[in-house]
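The figures that follow rest on heavy atoms only: side chains count, while hydrogens, waters and symmetry mates do not.
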Amino acid sequence: YRINMSIFFSQQELLRVMRTIDDRIVHELNTTVPTASFAGQVDASQTCKGLYQSVNLTEAHGSRDRIIKNCIAQTSNVVKTLQEERKKSLDDVVLLKKLRKEQTKLKLMQSELNVEEVVNDRSWKTFQATQILLVTMMVGGISEAKPATPDIQELADLVKPQIEQKENKTYPTFKAVEFKTQVVAGTNVFIKVDVGEGEYMHLRVFQPLPHQDEQPSLTEYQTGKKASDPLNYF
């Protein structure tokens with residue numbers, strides 16, 4: 001009836017590890033929020049995205065949840081087997097001790113599952129509160145214009161079919177030249193696009209926050225622009 005419990009910590013050890021992970025998460029969240037003097041210099045969208053990837057709550061919580069549930073399942077099977085044998089040997093004291101030991105172990109594991117739910121809930125609430133704080137601190141004005149990056153070109157390519165449908169024409173040339181960002185409950189990305197023959201187009205694409213798991217969307221666009229036209233809010 002001995003099972004390999006090397007993947008499962010004792011109750012005290014598991015709690016210690018959980019608190020260590022939780023403390024690290026809270027520390028990372030707290031140090032991510034900039035002071036007021038640096039708030040305007042931080043890209044909230046990239047900060048939230050990087051924070052989400054580095055903390056990786058889903059993976060951490062999923063791993064611990066699988067370990068606990070796996071051990072509960074193993075111990076439950078052992079308890080069931082011992083109970084069946086106990087019915088056949090009511091006077092077997094050694095068997096009774098084994099049964100009680102495994103039942104105690106099972107209760108401890110089930111209690112750890114409850115602890116895990118509390119830890120998970122606290123971590124997610126801290127993460128979400130930090131995202132809201134980042135947005136609140138940095139929402140507002142548009143950033144300075146920057147040369148377009150591959151990510152910005154990818155955004156432009158993503159919404160290109162929508163524009164071609166609306167304009168009822170195709171654009172063989174559709175090159176992102178520069179962009180600006182504005183933090184809202186997500187990010188507005190303003191993109192200047194070279195559409196060929198000396199003409200340009202200005203796009204406004206909305207990028208949701210990473211945890212929302214939604215695709216960027218075209219909000220508005222302007223045609224008939226020139227290379228010299230500034231990329232302003234619209």
Side-chain angles (χ1 to χ4, degrees), residues 1-33 44-135 151 154 185-186 207-217:
Y1 308 110
R2 183 180 179 184
I3 60 176
N4 182 8
M5 296 307 296
S6 61
I7 61 172
F8 191 86
F9 301 95
S10 66
Q11 183 181 28
Q12 293 78 14
E13 181 66 10
L14 182 59
L15 282 172
R16 185 189 68 78
V17 172
M18 284 180 173
R19 291 185 184 123
T20 299
I21 293 172
D22 194 47
D23 288 344
R24 181 183 64 80
I25 289 172
V26 172
H27 175 72
E28 288 192 35
L29 292 171
N30 288 336
T31 55
T32 296
V33 178
S45 176
Q46 291 302 314
T47 300
C48 287
K49 181 178 179 181
L51 179 63
Y52 181 81
Q53 293 173 340
S54 65
V55 170
N56 209 347
L57 292 174
T58 302
E59 182 179 338
H61 294 167
S63 296
R64 295 200 304 265
D65 186 71
R66 285 192 297 273
I67 289 173
I68 296 172
K69 287 182 177 178
N70 181 57
C71 288
I72 287 176
Q74 290 185 55
T75 308
S76 294
N77 289 334
V78 172
V79 168
K80 184 178 179 180
T81 300
L82 289 172
Q83 286 174 333
E84 291 298 322
E85 294 196 9
R86 171 70 176 153
K87 292 177 182 179
K88 302 174 184 177
S89 306
L90 295 177
D91 297 328
D92 191 329
V93 177
V94 175
L95 186 61
L96 179 59
K97 288 182 178 180
K98 286 182 179 180
L99 175 59
R100 288 178 176 173
K101 180 180 179 181
E102 294 301 323
Q103 287 174 327
T104 299
K105 187 186 297 181
L106 182 59
K107 288 180 181 178
L108 287 174
M109 294 175 185
Q110 290 169 335
S111 70
E112 293 301 349
L113 197 58
N114 295 330
V115 171
E116 180 66 11
E117 290 179 1
V118 172
V119 172
N120 292 356
D121 183 66
R122 181 170 58 178
S123 297
W124 276 113
K125 285 181 178 178
T126 305
F127 177 74
Q128 291 166 354
T130 303
Q131 285 188 314
I132 293 172
L133 183 57
L134 280 168
V135 171
D151 285 342
E154 185 176 337
Q207 278 188 307
L209 291 170
H211 77 277
Q212 293 176 313
D213 196 26
E214 296 177 4
Q215 289 294 315
S217 59

Exercise. More than 12 heavy atoms of other residues, nucleotides or ligands under 6.0 Å from CZ of Arg100: is that the case?
Worked result: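 No, not enclosed.
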Exercise. Take atom CD in Glu154; do more than 12 heavy atoms of anything else shown fall under 6.0 Å from it?
Worked result: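 Atom CD in Glu154 is not packed in, count stays at 12 or less.
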Roughly how far, to the nearest 0.5 Å, is [atom2] of [Y] from [atom1] of [X]?
X      : Y      : atom1 : atom2 : answer
Lys98  : Asp92  : NZ    : CG    : 8.0 Å
Leu108 : Ile72  : CG    : CD1   : 10.5 Å
Gln207 : Gln215 : CD    : CD    : 10.0 Å
Ser76  : Met109 : OG    : CE    : 9.0 Å
Arg86  : Leu96  : CZ    : CG    : 4.5 Å

Problem set entry | Qualifying residues under salt bridge (charged side-chain N to carboxylate O under 4.0 Å, His left out), relative to Lys87, sequence neighbours excluded |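 Testing Lys87 for salt bridge (charged side-chain N to carboxylate O under 4.0 Å, His left out), a comparison that skips the adjacent residues, returns Glu84.
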Exercise. Looking only at heavy atoms, what is the nearest atom pair of Val79 and Leu106, with distance?
Worked result: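 Val79 and Leu106 have their closest heavy atoms at CG2-CD2, 4.3 Å.
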Exercise. Going through the distances and angles, do Lys105 and Glu102 end up as a side-chain contact (heavy atoms from CB on, under 4.5 Å)?
Worked result: CA-CA 5 Å; Lys105 187 186 297 181; Glu102 294 301 323; 3.5 Å; yes
